[in-house]
Amino acid sequence: MITIQGADEVIAMIEEMIDASKLNGAVDKACLFVEGEARRKAPRRTGNLRRSIESKVENNGDEIIGTIFTPLEYAPYVEYGTGLFAESGGRKDVPWAYKDEKTG
């Protein structure tokens with residue numbers, strides 16, 4: 001009979017790795033779903049915002065973090081509104097809107 005010391009710990013580590021892999025895949029799948037929904041719901045004016053929406057999954061060992069994002073600086077204004085139409089209490093007394101180099 002062969003006895004391997006620490007086999008239980010090795011088996012537990014392998015099971016944990018398998019669970020982490022499944023969880024990582026599930027988070028990735030969820031991020032892709034949310035990314036798709038965000039693209040679908042984004043305005044269609046030029047298509048730039050829709051095309052810029054991405055997702056990523058990061059696993060630092062302790063936690064798995066899924067992020068859906070866009071690098072476009074005007075995206076928060078599209079999402080949350082501006083001036084009189086701002087979500088969660090923008091400046092209601094002074095209407096304003098985002099302007100970039102193109103729109104002045």
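Reckoned from all heavy atoms, side chains included, excluding hydrogens, waters and symmetry mates.
- Residues P71 and S52 share a closest heavy-atom pair of CD-O, 3.6 Å.
- Summarising the geometry, atom CG belonging to L49 is positioned 5.0 Å from atom OH belonging to Y74; distances are rounded to the nearest 0.5 Å.
- Residues N48 and R51 share a closest heavy-atom pair of OD1-NH2, 2.6 Å.
- Hydrophobic side-chain contacts under 4.5 Å tie L32 to no other Ile, Leu, Val, Met, Phe, Trp or Tyr residue.
- The list of salt bridge (Lys or Arg N to Asp or Glu O under 4.0 Å) pairs with a residue in residues 28-37, not counting sequence neighbours, reads E35-R39, E37-R40.
- Applying the side chain to side chain contact (heavy atoms under 4.5 Å, CB included) test to I64 and every residue at least two apart in sequence or in another chain returns L23, N24, V27, V57, N59.
- Residues L72 and V78 share a hydrophobic cluster, clusters being chains of Ile/Leu/Val/Met/Phe/Trp/Tyr side chains in contact below 4.5 Å.
- Within the model, atoms CD of E54 and CD1 of I68 stand 11.5 Å from one another, a figure rounded to the nearest 0.5 Å.
- Taking a 6.0 Å sphere around CZ of F33, one finds it holds 12 or fewer heavy atoms contributed by other residues, nucleotides or ligands.
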